[in-house]
Structure formats: C-alpha cells, structure tokens
Colleague: 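Below: one structure in structure tokens.
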Amino acid sequence: MNRPTPSQTVGPFYGYALPFPGGGDIAPPGDGAAITVRGHVYDGAGDPIPDALLEFWQADPSGSLTGAPGTLRRDPVTGAVVGRHGVDFTGFGRVATDADGHWTLRTLVPGTGYISVCVFARGLLHHLFTRIYLRPDAFLGSLPPQRGRTLVATAEREGVYRFDIHLQGEKETVFLDFG
C-alpha cells in the first residue's frame, strides 16, 4: 500500500507526518513563565480548517533569535520522530489544527513582542506568513487600526491568549510578503 509522505504538498493529506510529539510545546516543561496561545484557522466562509499546519518561530524572552537544537529528535534505532528533548527553548514549533480547526502553542513571551507564523493549508499553493503580537508595536501602528487588530492576540486570562487566523473574508488576517 502506498502511504502519503510529507512531500505531498497538495491535497487532503498535506499535514501527514509533519507534526511531531510536543510540537506545540516550545517552553520547557515546568517553566513558570510559560504562556498559552491558542486559536482557530478559518477559511473564507468562516468555517474552521481541520487540516492546516502552523509553524512558529520566535525570539526568546531576552529577544535573542539564536534558538537551540532539540526540536526534532529522532529515535537512533528506528529513525522515528520522538519529539523534543524538553530541556531547551528552541524558538520553533509546529502544530496541526484538530478536527475543529483549533491549535495550541505553549511558549514563553518573546522579547521582540511577536511570534512569527507560517500557515500551510489545502488550497494554498504558497504558504502564508503572519505574526502574533502580544504587545503594541510600531509596525502595528503603521497599519490601519482595523487591519492591525488582526495581528494582536487577545488576553483571555492571565497567561492565556487567543489568536484566530482568517484566510479570507471581512476578518482576513494581515499576511506579510517577504518576497
């Protein structure tokens, strides 16, 4: 039987084999400064997307973008991805949305004030870049207020933020072009 591979980039099997155990746990376990950022990915009709894949990059709390190895650990015998070693702050995470289009990231507050996000989803021939801002920023001030709000996470309670990604429509998230 032919099995889907991560290189199959178009179709309903897009995210197969790319998520890894603990992919959304960027903060080391037990770190009291950890925050949770969660949300949904929605299509243009406002329906949740159940098979999107999100990648996150961010600075550490001091603002350093250096990161640390430790994200994609493999079993030395089988080669299977076993996930993070759980000690270092790597600054990278990868999360698939669930059946309800929901995702969750457990991380530390970045010293730069934002988390970079790359969105992969069926129907997108090119991935999209956006940011999650946790505090005011000069870049946000350069955008029309209604557009800038699409990049700001909402504090739900202490240590928990919500950030929904809308691919199209009236609530469309601002996407960044680095080309």
Colleague: If you look at every heavy atom in Gly93 and Ile26, which pair is closest and at what distance?
Modeller: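 Answer, listing the atom of Gly93 first, then Ile26: N-CD1, 3.8 Å.
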Colleague: Assess, by modelled atom type and distance only, whether the side chains of Tyr133 and Arg131 contain a donor and an acceptor separated by less than 3.5 Å.
Modeller: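 Arg131 and Tyr133 do have a side-chain donor-acceptor pair below 3.5 Å.
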Colleague: Looking only at atom types and distance, does a side-chain atom of Thr104 sit under 3.5 Å from a main-chain N or O of Arg38, one as donor and one as acceptor?
Modeller: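 Absent.
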Colleague: Could you tell me which non-hydrogen atom of Ala99 sits nearest to which non-hydrogen atom of Pro50, and how far apart they are?
Modeller: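 The pair with the smallest heavy-atom distance is O-CB, 3.5 Å.
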Colleague: Would you check if there is a donor-acceptor pair between the side chains of Thr66 and Ser64 at a distance under 3.5 Å?
Modeller: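 Short answer, yes.
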Colleague: Side chain to side chain donor-acceptor pair (under 3.5 Å), that's the test. Do Thr107 and Gln58 meet it? Break it down for me.
Modeller: CA-CA 9 Å; Thr107 188; Gln58 69 167 91; 2.6 Å; yes
Colleague: Under 3.5 Å, side chain of Thr130 to main-chain N/O of Val174, donor-acceptor pair present?
Modeller: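 Yes, the answer is positive, given that a donor and an acceptor are paired below the 3.5 Å cut-off.
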Colleague: Are Leu151 and Ile165 connected, step by step, through hydrophobic side chains (Ile, Leu, Val, Met, Phe, Trp, Tyr) whose heavy atoms are closer than 4.5 Å?
Modeller: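 No, Leu151 and Ile165 fall in different hydrophobic clusters.
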Colleague: Run Phe139 and Tyr114 through side-chain contact (heavy atoms from CB on, under 4.5 Å) and show every step you take.
Modeller: CA-CA 11 Å; Phe139 174 70; Tyr114 67 85; over 6 Å; no
Colleague: Any sub-3.5 Å donor-acceptor pair from Arg106's side-chain atoms to Pro28's backbone N or O?
Modeller: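 Pair found, side chain donor or acceptor close to backbone of Pro28.
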Colleague: Where is the tightest heavy-atom contact between Leu167 and Ala121, given as atom of each residue plus distance?
Modeller: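 The pair with the smallest heavy-atom distance is CD1-CB, 4.5 Å.
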Colleague: Measure the acute angle between the ring planes of Phe129 and Phe178, then classify it against the limits of 30° and 60° as parallel, tilted or perpendicular.
Modeller: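 Phe129 vs Phe178 ring planes: perpendicular.
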Colleague: Mark yes or no for whether Thr112, through its side chain, and Gly63, through its backbone, hold a donor-acceptor pair below 3.5 Å.
Modeller: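 Absent.
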Colleague: What closest approach, in Å, do Gly148 and Leu140 show between heavy atoms, and which atom pair accounts for it?
Modeller: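 Heavy-atom minimum between the residues: O-CD2, 3.7 Å.
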Colleague: Show the nearest heavy-atom pair for residues Arg162 and His40, with the distance to one decimal.
Modeller: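 Looking at all heavy atoms of both residues, the closest pair is NH2-ND1, 3.0 Å.
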Colleague: Would you say CD of Glu170 has more than 12 non-hydrogen atoms from neighbouring residues, nucleotides or ligands within 6.0 angstrom?
Modeller: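 No, not enclosed.
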Colleague: If every non-hydrogen atom of Leu54 is compared with every non-hydrogen atom of Val119, which pair is closest and at what distance?
Modeller: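 That would be CD2-CG2, 3.8 Å.
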